[in-house]
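I have placed the structure first, in the form of structure tokens, so that the comments after it can refer back to it.
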There are 2 protein chains.
Amino acid sequence: MSQPRNVRGQVVPDAPRAGEARSVPDATVARLATYLGVLTLLAERAITTVSSEELATGAGVNSAMLRKDLSYLGSYGIRGVGYDVGILTRQISRTLGLTVHRSVALVGVGNLGQALAGYAGFASRGFRIAALLDAAPELVGTTVQGFTVRDVAELDRVVAEEGITIAVLAVPGKVAQEVCDRLVAAGVTSILNFAPVVVSVPEHVDVRKVDLAAELQILSFHENRKAAAALTKAANS
Amino acid sequence: MSQPRNVRGQVVPDAPRAGEARSVPDATVARLATYLGVLTLLAERAITTVSSEELATGAGVNSAMLRKDLSYLGSYGIRGVGYDVGILTRQISRTLGLTVHRSVALVGVGNLGQALAGYAGFASRGFRIAALLDAAPELVGTTVQGFTVRDVAELDRVVAEEGITIAVLAVPGKVAQEVCDRLVAAGVTSILNFAPVVVSVPEHVDVRKVDLAAELQILSFHENRKAAAALTKAANS
DNA sequence: TTATGTGAAGGATTTCACAGCG
DNA sequence: CGCTGTGAAATCCTTCACATAA
């Protein structure tokens, strides 16, 4: 991510204001979300304290990395004991900006869009689906997972009315860039892109891409590697 | 730990130590899948040659990184010209192990599972969905997206009969570890995990996790950062 | 001349290992 | 004593810059 710059293009030094977290690396941010999930499970089981070792195991990382990650938020552990589940949950939530209510628009109500609309994880983690949008006349007006599908022509108005800043893009690749441009023009500043194309956006907009086919291809690579290793092993014996 | 290479770009088999002979970095593998997607689009438009600059732009990376990535596969470009779309497509496909036919099992036929079953990207990229499995009696035997849902009790037999090595896990978090264990026991060595929990697997099994809620939380963090930057900017003016 | 391929430099991330607090 | 928090080391990844080949 690019550093903040002032009008003259100079890099603004990190403002070390009291109570503010230092700049958090991208890799850490991605893992904080995972830690939050594990903490939620612990809380459901009425566990109030957890060590870095236990939390790290639950999140699939090693304990040194977890402690380093948490150190970016400040010092919220108790030496010789561990972390308080409630306190840590709150600190991570605050860092991720989850204390602010966020409305999300879901554009594209095909197979994937419908599944995403019904995904319980969104609501339970504090995201409100404020609108389902699609271009197909036969879908507009119907109810999907309890939401009424609205015409994508209303995109601008819906984004403004609902104060939407985050959009989930689940449209076909061919129209992804066009829809993306309209979202940005309407004021959306974060996009979760499920379309199998790279969309280009202005500097101030963040995009994260989820490419299902790519994930399988990466696994395929490792399958290949394992098969090759097995052959080598067999040849050497 | 960069590998020595000969003139043809092949990795020279060096140390006798039979550790992991990984010549292509993980970060590169992830991007190769993206490059492949862009190349496919170019081929559809009957474009036969592409420069590193153009291909990089299409994939959303800079050209130096693209060239470095491709250099791990060997030297398949033409200096002063660029890359042949067909040749490069084949080389990347070969590296990702996509020339081998791979059968995939999809476990969990809920909202998300059904959407994934209908996802065209899987088939078009060479992955065959060989089985849909679920535990719900009311689903078993029904047809979803053209596939007959089979009972998860048959998991072992199905995996063996179809020669399945990759599984997509789209079950609730509470049963994810249990189903995962059964998949591994049946012989699956790669898992794409959509359940919102971290599953633990033996050394020889690869897991990739897709966490939809986490993706939104990461975007939320950046929304927060942008909001804070806007406030700072306003205060400084 | 043009655009690739790649050492080397520069950053970012992860791991190590241990000081220091509770 | 046990476990966190963190400099320092190690590793991994990206960018730079230019020799090199078509």
Side-chain angles (χ1 to χ4, degrees), chain A residues 1-3 11 14 16 21-32 34-35 39 47-85 87-88 91-92 95 218, chain B residues 1-12 19-32 34-35 39 47-85 87-88 91-92 95 218:
Chain A
M1 290 298 131
S2 59
Q3 301 239 3
V11 173
D14 270 333
R22 282 161 283 175
S23 81
V24 184
D26 286 347
T28 293
V29 172
R31 285 187 298 264
L32 287 178
T34 306
Y35 303 154
L39 287 168
I47 294 168
T48 58
T49 300
V50 66
S51 70
S52 65
E53 190 64 43
E54 294 164 328
L55 187 49
T57 302
V61 301
N62 86 21
S63 65
M65 193 159 80
L66 178 127
R67 290 198 302 276
K68 176 72 87 181
D69 282 342
L70 296 185
S71 78
Y72 291 108
L73 318 193
S75 184
Y76 298 105
I78 306 160
R79 289 173 195 240
V81 178
Y83 300 88
D84 181 275
V85 171
I87 293 174
L88 194 51
Q91 289 308 326
I92 295 179
T95 303
I218 293 166
Chain B
M1 107 153 179
S2 69
Q3 301 256 353
R5 284 158 189 283
N6 65 15
V7 233
R8 271 167 280 193
Q10 296 160 330
V11 173
V12 175
E20 293 281 47
R22 187 183 52 177
S23 60
V24 185
D26 286 346
T28 292
V29 172
R31 285 187 298 265
L32 287 178
T34 306
Y35 302 154
L39 286 169
I47 293 167
T48 57
T49 299
V50 66
S51 70
S52 65
E53 192 64 45
E54 295 164 327
L55 187 48
T57 301
V61 300
N62 87 19
S63 65
M65 193 159 79
L66 178 126
R67 291 198 301 276
K68 176 71 85 180
D69 282 341
L70 295 185
S71 77
Y72 292 108
L73 319 193
S75 185
Y76 298 106
I78 306 160
R79 290 177 194 233
V81 179
Y83 300 89
D84 181 275
V85 171
I87 292 174
L88 194 51
Q91 289 307 326
I92 294 179
T95 302
I218 294 166

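Chain naming here is simple, since letters A, B, ... match the order of the sequence lines and numbering starts at 1 in each. Values below: all heavy atoms of this structure, side chains included; hydrogens, waters and symmetry mates excluded. Note that the structure is predicted; figures quoted are calculated from it, not measured.
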Could you state the atom-to-atom distance from [atom1] of [X] to [atom2] of [N] in whole Å?
{"X": "D26(A)", "N": "dA12(C)", "atom1": "CG", "atom2": "P", "value": "10 Å"}
{"X": "L66(A)", "N": "dT6(D)", "atom1": "CG", "atom2": "P", "value": "14 Å"}
{"X": "L73(A)", "N": "dG5(D)", "atom1": "CG", "atom2": "C1'", "value": "13 Å"}
{"X": "R31(A)", "N": "dT13(C)", "atom1": "CZ", "atom2": "P", "value": "9 Å"}
{"X": "L70(B)", "N": "dT14(D)", "atom1": "CG", "atom2": "C1'", "value": "15 Å"}
{"X": "L88(A)", "N": "dC3(D)", "atom1": "CG", "atom2": "C1'", "value": "15 Å"}

Kindly compute the distance separating [atom1] ([X]) from [atom2] ([Y]), expressed to the nearest 0.5 Å.
{"X": "T28(A)", "Y": "K68(A)", "atom1": "OG1", "atom2": "NZ", "answer": "9.5 Å"}
{"X": "E53(A)", "Y": "T57(A)", "atom1": "CD", "atom2": "OG1", "answer": "5.0 Å"}
{"X": "L39(A)", "Y": "I87(A)", "atom1": "CG", "atom2": "CD1", "answer": "12.0 Å"}

For this session: Respond yes when some side-chain nitrogen or oxygen of Y72(A) is under 4.0 Å from OP1 or OP2 of dT13(C), and no when none is.
Result: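 For dT13(C), neither OP1 nor OP2 has a side-chain N or O of Y72(A) closer than 4.0 Å.
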
Exercise. Listed by chain and number, what are the side-chain hydrogen bond (donor to acceptor under 3.5 Å, both in side chains) partners of S52(A), not counting sequence neighbours?
Worked result: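 Once residues adjacent in sequence are excluded, the partners of S52(A) under the side-chain hydrogen bond (donor to acceptor under 3.5 Å, both in side chains) criterion are R67(A).
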
For this session: List in chain and number order the residues that pass side-chain hydrogen bond (donor to acceptor under 3.5 Å, both in side chains) with E54(A), two or more places apart in sequence or in another chain; answer none if no residue qualifies.
Result: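 Testing E54(A) for side-chain hydrogen bond (donor to acceptor under 3.5 Å, both in side chains), a comparison that skips the adjacent residues, returns S51(A).
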
Is there a side-chain contact between [X] and [Y] (heavy atoms, below 4.5 Å)?
{"X": "L73(B)", "Y": "L32(B)", "result": "yes"}
{"X": "L88(B)", "Y": "L55(B)", "result": "yes"}
{"X": "L70(A)", "Y": "I92(A)", "result": "yes"}
{"X": "S23(B)", "Y": "Y72(B)", "result": "no"}

Exercise. Which residues satisfy the side-chain contact (heavy atoms from CB on, under 4.5 Å) test with I47(A), sequence neighbours excluded?
Worked result: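 Only L42(A), R45(A) meet the side-chain contact (heavy atoms from CB on, under 4.5 Å) criterion with I47(A).
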
Problem set entry | Interface residues of residues 50-61 of chain A with DNA chain D (non-hydrogen, below 4.0 angstrom) |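 Heavy-atom cutoff 4.0 Å gives S51(A), S52(A).
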
Exercise. To 10°, what angle do the rotation axes through the five end pairs on each side of the helix from dT1(C)-dA22(D) to dG22(C)-dC1(D) form?
Worked result: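 For the helix from dT1(C)-dA22(D) to dG22(C)-dC1(D), the axes at either end differ by 10°.
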
Exercise. Taking all non-hydrogen atoms of both residues, which atom of T49(B) and which atom of V85(B) are closest, and how far apart?
Worked result: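 Taking T49(B) first and V85(B) second, the nearest heavy atoms are N-CG2, 3.9 Å.
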
Seminar exercise, completed: 5' to 3', nucleotides 15-22 of chain D under a 4.0 Å protein heavy-atom cut-off (B base, S sugar-phosphate only, - none) gives BBB-BBBS

